[in-house]
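All remarks here apply to the structure that follows.
Side chains are part of it too, since the values below use all heavy atoms of this structure and drop only hydrogens, waters and symmetry mates. Predicted, not measured: the structure shown is a model, and the values here were computed from it.
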Amino acid sequence: MKKKLVAILIAVTMLFSIFAYTPLAFAQEKESDSYGEYAYSVLQYIDKNLNERRAGTDKEKEMADYLKAQLESFGYEVEVQPFTYTRKGETYNSQNIIVTKKGNSSKEVIVGAHYDSIGTHGVDDNGSGTVVNLETAKRFVNKETPYTVKFVFFGAEEVGLKGSKAYSDAMTDEEVDNTLYMLNMDSILAGTYRYIYSGNYNDETGKVENAWPVYQAMQLSNALGTGMRYNDTELNLDYPTPSTGNWSDHASFRNKLPYLYFEAVNWELPDDPDHPEEGSSGSYETEIGEVMHVPDRDNLDFIESTWGTRGKDTITAYCTLLDSVICQLSPDGLITPQKDDLKAAIEKAEKMDKDSFSAQAYKEFEEALKEAKEVENTEYVLLKDQNTIDKAAEKLNKAMQNVGYYEKIEGLSLKEKTATSLEISWDKVNNASGYKVYKYNTKTKKYALLATIHNNKKTTYKDDKLISATNYYYKVAAYKEVDGKDYVGPTTKSLKATTKPLQPVVKLSSTSKGKVKLTYTTKVSKKTDGYKIYMSTSKNGVYKLLKDTEKTTYNKTGLKSKKGYYFKVRAYRAVDGKNVYSSYSTAKYIKVK
């Protein structure tokens with residue numbers, strides 16, 4: 001891949017090994033949805049089963065078939081783009097593997113990595129780029145994207161970028177115009193540091209042009225904590241930052257499209273330690289030298305035993321960044337979270353009359369407003385932060401809605417009940433404009449507004465035209481009117497109240513000696529659970545309970561003939577272990593036979 005020879009590596013390995021080295025800090029990286037787990041598991045499979053994938057060989061074809069099968073298992077329709085190339089007079093066959101993820105726009109981006117290798121296990125060069133591309137294709141099969149994405153796996157890169165050249169050469173002018181940028185990933189496992197490149201240097205202007213993808217990607221990296229770098233070391237003498245050389249597949253597109261290139265190497269080491277003035281070409285990926293193209297090094301055993309989890313962490317970082325890059329990069333600027341609702345809430349909050357706030361309400365409001373302003377002033381560049389912005393707006397809106405609720409309404413209780421009405425009461429809330437009374441609807445199974453009381457001094461409400469012996473449920477909330485709008489605070493807990501049963505109408509008869517029959521069915525509610533029957537020898541005397549019964553008739557025997565008695569009845573309904581009684585019936589007199 002890179003232009004330096006292995007022979008140079010062997011000559012200077014011992015020198016590199018004594019150089020001072022501070023590894024990239026991974027502590028600030030964010031774990032997110034197991035990024036890199038699938039990619040690394042595929043890399044482990046490749047390391048054991050698909051090594052030495054030389055261009056134009058059966059092993060390279062086996063790797064292509066494996067990628068095709070994986071992509072099809074995700075649900076993609078896979079396109080195989082065959083091509084031939086000639087090397088040293090001999091013709092070889094290879095292929096690019098392509099899938100298309102439709103986006104919200106027909107505009108396209110190309111995300112590519114080559115899958116061939118030389119005589120190594122090829123986990124760094126370039127199993128690493130391949131598996132990051134594969135995991136991302138897997139993640140995005142059902143994910144919304146702003147643009148259509150072409151995930152491309154290039155063949156025959158190691159023999160002169162043949163696969164990417166075949167793909168680029170086949171693009172029509174219309175396809176080029178419709179493509180926003182090309183992203184390439186190559187050798188992103190073993191390197192000491194993580195780099196991103198873009199742009200072409202213009203000799204006339206002395207500037208790197210068309211590098212917008214890398215600047216946007218760096219914003220995303222900083223927000224995600226993925227630790228990406230520019231190659232802006234003083235040792236980089238040949239490739240003005242943030243551009244780079246032509247040693248990988250991005251070179252096939254850089255004269256047609258903006259490109260973004262992921263690579264893990266080490267630009268902090270000079271190519272020749274004896275002559276640091278000659279600078280660095282980034283050829284040596286690590287602090288001990290090259291890994292790519294070195295059979296004893298480009299394998300997981302060596303990389304893991306030498307650097308532990310550094311390679312896996314780097315794969316995770318590039319998987320994490322690529323996810324946001326595909327969702328957010330745009331020539332018009334990063335696609336970022338929306339703050340319109342938050343801005344509107346802040347503007348509304350600042351205009352509110354806060355003079356009538358209680359201390360508690362004002363404290364909650366000020367805290368929510370402060371948080372909202374902090375969120376608004378933060379330069380969010382990650383779409384995942386939309387949730388943070390939305391929550392800040394929601395919290396502020398809720399604080400504004402609670403201006404009429406300062407102390408929680410207390411004392412909600414039943415003041416008076418009849419067979420057809422219920423009157424409830426509650427404690428006064430000083431700064432409220434009034435109160436909202438809610439009643440449970442058994443059909444909709446929700447509380448609905450029953451009445452609005454436009455006076456904070458009136459703390460009772462009478463609900464009439466009700467059904468006797470029936471349960472009803474009420475809640476009350478205070479509200480504050482601000483600029484013609486009612487802001488309602490939290491409701492009280494539910495109050496259960498039951499209307500009285502209807503007053504029984506009693507009829508008496510005495511058809512035999514010493515016996516009285518009582519009948520009390522007329523106009524009695526069907527929801528009555530029972531009746532209590534009372535008797536006295538005088539109208540205003542003491543009435544004695546004779547019977548607690550569910551029946552609507554009762555026979556009293558053993559009475560004295562020719563003597564008069566008074567009877568009355570009251571109905572009841574049992575509610576939560578207590579009886580709700582009707583009024584007593586009119587006392588009735590009868591002289592016993």
Side-chain angles (χ1 to χ4, degrees), residues 30 32 103-105 143-147 212 215-216 219-220 222-224 323-409 429-436 438 446-449 452-454 456 475-492:
K30 298 177 182 179
S32 178
N104 294 334
S105 167
K143 186 172 182 177
E144 185 175 332
T145 56
Y147 305 113
W212 62 265
Y215 298 125
Q216 291 183 19
Q219 281 187 276
L220 294 175
N222 290 339
L224 287 163
D323 188 301
S324 290
V325 162
I326 291 175
C327 290
Q328 296 188 243
L329 253 63
S330 168
D332 300 321
L334 277 172
I335 299 169
T336 59
Q338 296 298 309
K339 294 185 179 179
D340 295 344
D341 290 345
L342 180 63
K343 183 179 179 181
I346 291 172
E347 291 176 351
K348 185 175 181 180
E350 290 179 330
K351 293 178 181 178
M352 287 185 68
D353 177 10
K354 309 173 190 66
D355 292 339
S356 61
F357 277 43
S358 71
Q360 180 62 29
Y362 187 77
K363 180 180 178 182
E364 293 175 1
F365 174 82
E366 285 292 293
E367 288 177 352
L369 181 58
K370 179 181 178 182
E371 178 181 327
K373 287 182 176 180
E374 288 175 352
V375 171
E376 184 186 40
N377 293 331
T378 302
E379 189 182 356
Y380 286 98
V381 294
L382 297 175
L383 285 176
K384 68 171 64 176
D385 291 317
Q386 189 67 61
N387 186 49
T388 301
I389 293 168
D390 292 343
K391 282 188 175 180
E394 181 183 357
K395 183 176 180 180
L396 180 55
N397 281 321
K398 185 177 180 181
M400 286 190 284
Q401 290 169 3
N402 287 346
V403 295
Y405 145 70
Y406 311 112
E407 298 82 24
K408 186 177 181 180
I409 291 182
V429 176
N430 290 326
N431 293 321
S433 298
Y435 308 96
K436 303 278 185 179
Y438 302 89
K446 295 179 179 180
Y447 280 87
L449 180 65
T452 299
I453 299 171
H454 302 284
N456 80 326
K475 291 182 178 182
V476 180
Y479 78 91
K480 181 75 175 179
E481 182 182 350
V482 180
D483 296 331
K485 182 176 180 179
D486 291 350
Y487 292 90
V488 182
T491 58
T492 60

Original post:
Are side-chain heavy atoms of Y447 and T491 found at a separation under 4.5 Å?
Top reply: no
Original post:
Is any side-chain heavy atom of L220 closer than 4.5 Å to a side-chain heavy atom of L329?
Top reply: yes
Original post:
Roughly how far, to the nearest 0.5 Å, is the CD atom of E376 from the OG1 atom of T378?
Top reply: 9.5 Å
Original post:
With a 4.0 Å cut-off, would you call E350 and K373 a salt bridge?
Top reply: yes
Original post:
Is atom CD of E394 surrounded by more than 12 heavy atoms (other residues, nucleotides or ligands) closer than 6.0 Å?
Top reply: no
Subject >> Shortest non-hydrogen separation from C327 to I335 and the atoms involved >> reply: O-CD1, 3.7 Å
Original post:
What closest approach, in Å, do A223 and V381 show between heavy atoms, and which atom pair accounts for it?
Top reply: CB-CG2, 3.4 Å
**OP:** Work out which heavy atom in L224 is nearest to a heavy atom in S324; give both atom names and the distance.
**Re:** CD1-OG, 3.7 Å
Original post:
Quick one: which of L334, T388, T336 gives a side-chain contact (heavy atoms from CB on, under 4.5 Å) with Y380?
Top reply: T388
Original post:
CD/E371 to CD1/I346 distance, rounded to the nearest 0.5 angstrom?
Top reply: 10.5 Å
Original post:
Got K348 and L396 here, is their nearest side-chain heavy-atom distance under 4.5 Å?
Top reply: no
**OP:** State, with a plain yes or no, whether a side-chain heavy atom of Q216 is found less than 4.5 Å away from one of V325.
**Re:** no
Original post:
How many angstroms lie between CD in E374 and CG in L369, if you round to the nearest 0.5 Å?
Top reply: 10.0 Å
**OP:** Answer whether the closest heavy-atom distance between the side chains of E364 and K398 falls below 4.5 Å.
**Re:** no
**OP:** May I ask you to check whether over 12 heavy atoms, not counting those of N456, lie within 6.0 Å of atom CG?
**Re:** yes
Subject >> Flag side-chain contact, heavy atom, 4.5 Å: D323 against K143 >> reply: yes
Subject >> For the student: nearest non-hydrogen atoms of Y147 and P331, plus distance >> reply: OH-CD, 4.1 Å
Subject >> Closest non-hydrogen atom pair, V476 against Y435 >> reply: CG1-CB, 4.2 Å
Subject >> Distance-minimising heavy-atom pair for A432 and A478 >> reply: CB-CB, 3.9 Å
Original post:
How long is the gap from CG on L383 to CD on Q328, to the nearest 0.5 Å?
Top reply: 3.5 Å
**OP:** Please examine the side chains of I389 and Q386, heavy atoms only from C-beta on, and report whether any two atoms are closer than 4.5 Å.
**Re:** yes
Original post:
Between CD of E347 and CG of L342, what distance do you get to the nearest 0.5 Å?
Top reply: 10.0 Å
